[in-house]
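The chains referred to below are lettered A, B, ... by the order of the sequence lines, with proteins before strands, and numbering in each begins at 1.
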Amino acid sequence: GESVGLHLPTLSVQEGDNSIINCAYSNSASDYFIWYKQESGKGPQFIIDIRSNMDKRQGQRVTVLLNKTVKHLSLQIAATQPGDSAVYFCAEKRGGTSYGKLTFGQGTILTVHP
Amino acid sequence: SAVISQKPSRDICQRGTSLTIQCQVDSQVTMMFWYRQQPGQSLTLIATANQGSEATYESGFVIDKFPISRPNLTFSTLTVSNMSPEDSSIYLCSFFASTDTQYFGPGTRLTVL
C-alpha cells in the first residue's frame with residue numbers, strides 16, 4: 001500500500017555537523033508534509049512543514065526540501081547540537097483540505113555526539 | 001499555541017482490565033485524534049473524534065475495543081478495553097490548529113502485564 005518511509009533508521013553525527021534526514025513518500029496526491037521530533041518519553045513536537053507547491057522552506061537551523069519528481073523529502077539540521085538527539089518522523093497529509101489524515105514514516109534516530 | 005495534556009502519563013495494568021485516558025486542550029478544537037505508538041514504532045491513527053458525533057475508526061481499530069468520548073470541544077477520552085500485553089503502547093491525542101499544523105499531547109505510556 002501507499003506509505004511514507006525513511007531511508008536511514010539511524011544517524012550519528014558529531015556536534016556542530018550538519019544533519020540530513022531523508023524520507024520517501026509514494027502518494028503523489030499528498031499535499032502537505034510535516035517533520036516531527038520526538039524525544040524520549042514525550043509526544044511528537046512539530047518542527048517544520050511544507051506544502052506541495054513549495055520546494056524548500058527554512059526555519060531556525062532547519063530546512064525542509066521537497067522533491068516532487070522523485071517523491072523525496074529531507075530535513076536538514078544545521079550545526080547539530082546534543083539537544084537535537086531524538087527520533088525524527090516525517091508525515092504526509094492527503095486531502096487538499098484543512099482536515100486530512102496524517103500518515104507517518106517509520107522514524108530516524110538521530111544521535112549527536114559531543 | 002494551544003496546550004494539550006493527557007492523564008495518566010503512564011500506567012501499569014493487569015490483563016483483562018480497562019483504562020480510560022483523558023485528553024484536555026486549553027482551547028476549543030473541532031477535531032481531535034487518537035494515535036497509538038507501539039514500542040519502537042511509528043504512530044498509527046486509531047480514530048478521529050468530533051464533538052457531537054461518533055468517532056471514526058481506522059482500519060484495524062473498533063469501537064468495542066477503543067471507545068472514545070468527545071463531550072465538548074476541549075476534552076476527549078480513549079478507553080482501552082479488555083487489555084492484553086499487545087496493547088502495551090504509548091497512546092497520544094492530537095488536534096489540528098487553525099494553521100493545519102497537528103499538535104500532539106505528551107502521551108500515555110501503557111504497560112499491560
> Answer yes or no: is there a donor N or O on one side and an acceptor on the other, between the side chain of Ser42(B) and the main chain of Gly105(A), under 3.5 Å?
yes
> Please check if atom CZ in Arg10(B) has more than 12 non-hydrogen atoms from other residues, nucleotides or ligands closer than 6.0 Å.
no
> Classify the angle between the aromatic ring planes of Phe46(A) and Tyr103(B) as parallel (below 30°), tilted (30 to 60°) or perpendicular (above 60°).
tilted
> Do Leu73(B) and Phe33(B) share a hydrophobic cluster, counting only Ile, Leu, Val, Met, Phe, Trp and Tyr and linking them when any side-chain heavy atoms are less than 4.5 Å apart?
no
> Could you state whether Val25(B) and Trp34(B) fall into the same hydrophobic cluster, counting links through intermediate Ile, Leu, Val, Met, Phe, Trp or Tyr residues with side-chain heavy atoms under 4.5 angstrom apart?
no
> Is chain A contacted by the side chain of Leu43(B), its backbone, both, or neither, given a heavy-atom distance below 4.5 Å?
both
> For the residue pair Gln102(B) and Tyr32(A), establish whether any side-chain heavy-atom pair is separated by less than 4.5 Å.
no
> Nearest 0.5 Å, what's the CD-CD distance between Gln38(A) and Gln37(B)?
4.0 Å
> Tell me the closest heavy-atom pair linking Leu92(B) and Gly43(A), and the distance in Å.
CD2-CA, 3.7 Å
> Can you tell me if Glu15(A) has over 12 outside heavy atoms packed within less than 6.0 Å of its CD?
yes
> For a quick test of reading the model, state the closest non-hydrogen atom pair linking Gln41(B) to Phe89(A) and the distance between them.
O-CZ, 4.1 Å
> Does Lys42(A) NZ have over 12 foreign heavy atoms under 6.0 Å away?
no
> Hydrophobic clustering (ILVMFWY, side-chain heavy atoms < 4.5 Å, transitive) - are Ile47(A) and Val112(A) grouped together?
yes
> Calculate, to the nearest 0.5 Å, the distance between atoms CG and OH belonging to Leu102(A) and Tyr35(B) respectively.
4.5 Å
